[in-house]
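Written out below as structure tokens is the structure these notes cover.
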Amino acid sequence: MLDLKLMQKNPDVVRESLEKRGSKIDVAEFTALDEKRKTLIAEVENLKAEKNRVGPEIAKRKKAGEDASDLLEKMGQVAARTKELDVELNEVQALQKDWMMSVPNIPHESVPVGKSEEDNPVLRTWGEVPDLGFEPKEHWELGAELGGLDFERAAKLTGARFSLSFGWCARMERALAQLMLDTQTSLHGYTEVIPPYIVNRATMTGTGQLPKFEEDLFKLTDDREFYLIPTAEVPLTNIYAGEVLDEAVLPVKFCAFTPCFRSEAGSYGKDTKGLIRQHQFHKVEMVNFAHPDKSYEALEAMTGAAEKILQLLEIPYRVIALCTGDMGFGAAKTYDIEVWLPGQNQYREISSCSNCEDFQARRADIRFQPADSKKKQYVHTLNGSGLAVGRCLVAVMENYQQADGSIVVPEVLKPYMGGLEVIEAK
RNA sequence: GGAGAAGUGGCCGAGUUGGCUGAAGGCGCACGCCUGCUAAGCGUGUUAUGGGCGUAAAACUCAUACGAGGGUUCAAAUCCCUCCUUCUCCGCCA
């Protein structure tokens with residue numbers, strides 16, 4: 001959520017910033033609501049002030065055994081009027097809140113202006129795109145031929161966009177998760193967390209999935225308003241919802257390996273084969289709570305932490321900056337890491353690292369107490385995949401495939417694979 | 001799932017025959033005073049959000065907030081309802 005004061009004072013600056021990302025806001029609508037709200041507040045508060053003045057007088061008279069019926073009648077009217085206005089005020093406030101909650105974050109000044117993913121600049125590439133010397137297969141072919149992946153039976157169990165993996169493939173996914181967690185915790189100072197995979201409405205609202213993106217989520221058909229997490233960013237970021245942290249504890253860095261659940265509404269026809277786009281997948285997620293002065297340094301470090309995994313696996317990738325038109329709802333700045341997939345002959349997203357600044361912190365009410373001032377401030381929150389495990393599995397399979405259809409286990413994964421060095425058809 | 005108990009400010013803890021309690025008292029913390037160190041002592045202060053007034057900040061002022069949300073009432077921390085959380089006992093279970 002944006003700062004209400006910013007919206008009140010500089011609505012046109014906000015409007016222009018949001019236009020860069022292709023979002024239109026109706027400033028007049030906001031201003032009208034805000035004026036209405038202020039008018040109602042003034043009126044309600046005057047009535048309440050009167051109530052508070054007269055109340056003790058009634059008590060005094062009653063105690064003295066005097067008649068207070070004139071005051072009682074007057075206050076009866078005041079109470080009735082207050083009730084009416086309160087209802088009206090609540091409606092206006094709810095409208096204004098909905099309005100504010102539906103407005104995306106303002107892009108950081110360093111974000112390249114653009115309309116779509118076509119305009120995302122490549123910042124750096126790592127590793128050489130290899131010439132395998134044979135026609136590379138896609139991961140689902142490899143997975144089927146080597147007995148690791150079975151999408152047909154997964155569809156039988158549940159439906160489209162689910163997967164079932166066996167043996168070496170299941171183990172390799174676990175190995176990758178281990179490698180990622182071990183690296184992020186011991187090398188990059190992250191604290192490992194196991195959060196709930198089901199969260200409530202307030203939590204989903206805190207990170208920005210709700211109210212606007214309900215259709216992307218799986219909701220439990222239960223009257224409790226529980227949702228399956230689409231990413232561990234949601235529970236991790238909300239860990240400190242409603243809390244005030246000591247400045248000295250910043251930055252707090254959490255990582256978690258969790259399943260992620262996405263309805264993928266609107267993505268029909270995209271990536272229908274294989275593991276790239278699933279309703280359920282695994283991801284190691286990193287979340288930082290950073291001091292506002294340090295959050296952009298933290299974003300660079302977090303992106304580097306994600307890149308490190310691909311470096312250890314020795315798989316080529318590139319880092320791009322998302323342009324204003326391609327960024328997610330809550331992000332002020334985002335870097336994507338795209339991994340090379342020989343089977344698809346292209347780079348595909350495997351991580352997205354964002355600084356949300358105080359956008360989520362304001363929604364979730366996460367603040368810190370500065371040592372040198374009384375005023376509490378919102379922290380900056382960052383999140384990044386480190387990495388998407390399923391897609392990483394795809395990258396390993398496709399990059400390490402051999403001409404004979406086998407897959408060589410990357411050096412760094414061998415300790416996690418129980419001595420297995422090559423995956424071959426039986 | 002069944003039966004009970006509880007949820008007050010940074011913490012502890014008063015306050016349940018409704019009214020003058022944003023909230024006694026204590027602790028903690030901040031500033032000041034005093035004491036020739038330390039300890040003790042004294043004084044003052046110590047929440048958040050929103051409105052008004054200000055160019056802004058401060059100050060001032062008004063409103064709201066005693067787990068959350070509703071209700072009763074002229075008036076609720078105090079009465080009623082729903083929900084959430086915690087604790088105890090029983091049952092069940094990985």
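The basis for the numbers below is simple: all heavy atoms, side chains too, and nothing from hydrogens, waters or symmetry mates. In what follows, chains are A, B, ... by sequence order, proteins preceding strands, each numbered from 1. In this text the structure is predicted, and so the values were computed from the model without any measurement.
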Return the pairing partner of [N] with a 3.5 Å limit on both distances, Watson-Crick or G-U wobble; otherwise return none.
{"N": "G15(B)", "value": "U8(B)"}
{"N": "U44(B)", "value": "A30(B)"}
{"N": "C93(B)", "value": "none"}
{"N": "A39(B)", "value": "none"}
{"N": "A63(B)", "value": "U49(B)"}
{"N": "C79(B)", "value": "G71(B)"}

[X] side chain N/O closer than 4.0 Å to the phosphate oxygens (OP1, OP2) of [N]?
{"X": "K51(A)", "N": "U64(B)", "result": "yes"}
{"X": "N52(A)", "N": "C20(B)", "result": "no"}
{"X": "K376(A)", "N": "A48(B)", "result": "yes"}
{"X": "K38(A)", "N": "A63(B)", "result": "no"}
{"X": "N46(A)", "N": "A63(B)", "result": "no"}

Using a 4.0 Å heavy-atom cut-off across all strands, classify L71(A) as base, sugar-phosphate, or nothing.
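The answer is nothing, as L71(A) stays clear of every strand by at least 4.0 Å.
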Heavy atoms under 4.0 Å, any strand shown: does K60(A) hit a base, just sugar-phosphate, or nothing?
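Result for K60(A) = nothing.
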Is there a donor on the side chain of E45(A) or the base of G52(B) sitting less than 3.5 Å from an acceptor on the other?
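Per atom types, no contact qualifies.
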Ring-ring centroid check F257(A) H282(A), cutoff 6.0 Å:
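Yes.
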Aromatic centroids of F329(A) and F213(A) separated by under 6.0 Å
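For F213(A) and F329(A), the ring centres are under 6.0 Å apart.
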Decide, yes or no, whether a salt bridge links K333(A) with E357(A) under the criterion of side-chain N to carboxylate O below 4.0 Å.
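Answer for the salt bridge query: no.
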Is the count of non-hydrogen atoms from other residues, nucleotides or ligands lying under 6.0 Å from E314(A) atom CD greater than 12?
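Check fails, neighbour count at 12 or below.
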Using only atom types and a distance under 3.5 Å, with no angle test, would you say the side chain of R161(A) pairs donor to acceptor with the backbone of R277(A)?
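The answer is yes, because a donor-acceptor pair under 3.5 Å joins these two groups.
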